[in-house]
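Every chain is numbered from 1 and lettered A, B, ... according to where its sequence line falls, protein lines coming before strand lines.
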Amino acid sequence: RRGEMAKSTQLIDNEVFRAYATYAGIVLIKMMLMSLITAYFRITRKAFVNPEDTESFGKGENAKKYLRTDPDVERARRGHLNDLENIVPFVGIGLLYALSGPELSTALLHFRIFTGARILHTFAYLIPLPQPGRGLSWAVGYSVTFSMAYRVLKTAWLL
Amino acid sequence: RRGEMAKSTQLIDNEVFRAYATYAGIVLIKMMLMSLITAYFRITRKAFVNPEDTESFGKGENAKKYLRTDPDVERARRGHLNDLENIVPFVGIGLLYALSGPELSTALLHFRIFTGARILHTFAYLIPLPQPGRGLSWAVGYSVTFSMAYRVLKTAWLL
Amino acid sequence: RRGEMAKSTQLIDNEVFRAYATYAGIVLIKMMLMSLITAYFRITRKAFVNPEDTESFGKGENAKKYLRTDPDVERARRGHLNDLENIVPFVGIGLLYALSGPELSTALLHFRIFTGARILHTFAYLIPLPQPGRGLSWAVGYSVTFSMAYRVLKTAWLL
């Protein structure tokens with residue numbers, strides 16, 4: 001059993017895989033933080049969607065008025081959905097990329113640019129920054145994922 | 001070729017990885033079942049979003065009246081989206097966690113609590129249970145994923 | 001260090017894993033293309049959701065009228081969300097399935113049917129094709145993922 005355990009940890013001893021695990025961990029945590037930002041806006045703006053969430057504000061009409069949408073809540077939710085649409089492909093393709101044996105320096109370049117771009121994207125969305133701030137940060141992250149996908153398909157191609 | 005094949009199955013022979021595969025499989029199936037629940041409510045409540053989905057109810061105004069939102073459909077959809085926001089990070093971070101060489105008992109504790117919390121969350125959302133039922137089950141799953149992410153970053157850290 | 005690097009690339013030398021990497025890459029790229037389709041409809045239909053995205057159309061009321069929903073934009077967005085709900089479980093369960101040591105021919109059958117079904121689903125959603133075109137293509141992809149999940153749980157089961 002010890003032998004097996006040791007074998008399974010070899011992957012995490014590989015430097016490219018360690019870099020992948022670090023950056024995938026960071027962007028997934030960043031994505032999860034969007035839930036807290038949405039919750040913060042829901043509570044401070046008093047804007048809820050589920051009737052059972054407004055019960056602490058009293059019964060009937062008094063509680064019902066907090067079942068509404070709020071621009072800040074909706075903005076945070078759009079940022080969260082955009083993360084799902086972009087960070088999830090990065091995590092999936094990035095894993096395959098890390099296993100395709102790239103140079104550490106090339107891999108780090110991909111991971112760092114993607115992570116930086118997505119953190120910028122979140123600030124650009126939430127502040128919000130004037131366009132093309134958000135658009136460019138989105139496009140950079142998107143392109144990095146495509147670049148990794150290209151290498152994965154070139155290395156693994158078996159249709 | 002046989003030798004390679006054997007090598008690739010070693011991962012699934014590792015007990016922590018087997019536990020991960022079991023629980024990741026269970027929560028992903030649970031997430032997929034949300035599609036069936038949404039479809040069930042769409043059909044029984046006759047509440048659709050695509051015009052082509054209402055054509056079996058006839059043509060023109062007769063079909064058009066079923067293009068509407070329904071509280072139960074929207075509730076199931078919110079539960080599904082919440083699963084995407086929480087189960088997807090668990091699956092990604094959990095894989096890296098399983099490869100970071102944790103003790104089997106510690107790993108099982110994480111996987112079991114997360115899976116239990118997310119099943120409770122679904123019931124709390126769909127019934128719905130009064131708060132803080134849904135909030136607490138969400139927070140427990142969220143915390144478990146953060147605990148795994150902490151170990152992944154501590155073990156793999158290479159920035 | 002070279003030795004470690006070599007070890008980590010063995011996975012991608014395995015044929016089932018190469019097939020998985022190819023098809024997972026293809027469907028993840030397909031999912032990402034939904035962003036471009038949504039952006040295309042937003043720009044051609046002039047239908048935006050963020051005020052900062054309409055500033056190039058002028059200030060005040062002139063720009064505000066482009067903050068609206070458009071049926072084609074909403075359709076592309078629903079197709080994208082449906083991809084997240086179905087392609088993400090395929091990528092997660094498919095990875096575990098590829099590591100569970102299936103026959104190459106069986107694995108290819110699963111990956112090919114899923115990928116074909118999801119490409120059909122996108123066309124059925126965007127054109128749109130009359131039902132049950134979209135429904136059937138969804139059900140085929142869904143069933144393939146369940147079939148893979150069944151093998152993963154049977155092989156790995158450790159609760």
Part of C:Tyr97 within contact of chain B (heavy atom distance under 4.5 Å): neither
When the 4.5 angstrom heavy-atom criterion is applied to B:Tyr20 and chain C, the contacting part is side chain
Between B:Thr22 and C:Leu158, is there a donor-acceptor pair closer than 3.5 Å when you use the side chain of the first and the backbone of the second? yes
At their closest point, which heavy atom of B:Ala24 faces which heavy atom of C:Leu96, and how far apart are they? CB-CD1, 4.2 Å
How many angstroms lie between atom CG of B:Leu28 and atom CE of C:Met148, to the nearest 0.5 angstrom? 10.0 Å
Is the number of heavy atoms from other residues, nucleotides or ligands under 6.0 Å of B:Arg151 CZ greater than 12? yes
When the 4.5 angstrom heavy-atom criterion is applied to C:Leu153 and chain B, the contacting part is side chain
More than 12 heavy atoms of other groups within 6.0 Å of C:Tyr40 OH: no
For chain C, find which of B:Asp83, B:Val88, B:Asp53, B:Ile26 contributes the most heavy-atom pairs closer than 4.5 angstrom. B:Asp53
Run the salt-bridge test on C:Arg75 and B:Glu52 with the 4.0 Å N-O cut-off and return the result as yes or no. yes
Going from CD on C:Gln131 to CG on B:Asn50, what distance comes out if it is rounded to the nearest 0.5 angstrom? 7.5 Å
Distance from C:Thr155 atom OG1 to B:Arg18 atom CZ, nearest 0.5 Å? 9.5 Å
Who wins among B:Thr115, B:Leu84, B:Ile87 for the most heavy-atom pairs under 4.5 Å with chain C? B:Leu84
Taking atom CZ of B:Phe146 as the centre, does the number of heavy atoms from other residues, nucleotides or ligands within less than 6.0 Å exceed 12? yes
Answer whether the closest heavy-atom distance between the side chains of C:Pro89 and B:Met31 falls below 4.5 Å. yes
In Å, rounded to the nearest 0.5 Å, how long is the span from NE2 of B:His80 to CG of C:Leu81? 7.5 Å
Give the minimum heavy-atom separation between B:Tyr23 and C:Leu159, together with the two atoms involved. OH-C, 3.0 Å
Less than 4.5 Å to any heavy atom of chain B: does that hold for the side chain of C:Leu95, its backbone, both, or neither? side chain
In Å, rounded to the nearest 0.5 Å, how long is the span from OG of B:Ser35 to CD of C:Glu85? 5.0 Å
Drop me the distance from B:Ile29's CD1 to C:Tyr150's OH, to the nearest 0.5 angstrom. 11.5 Å
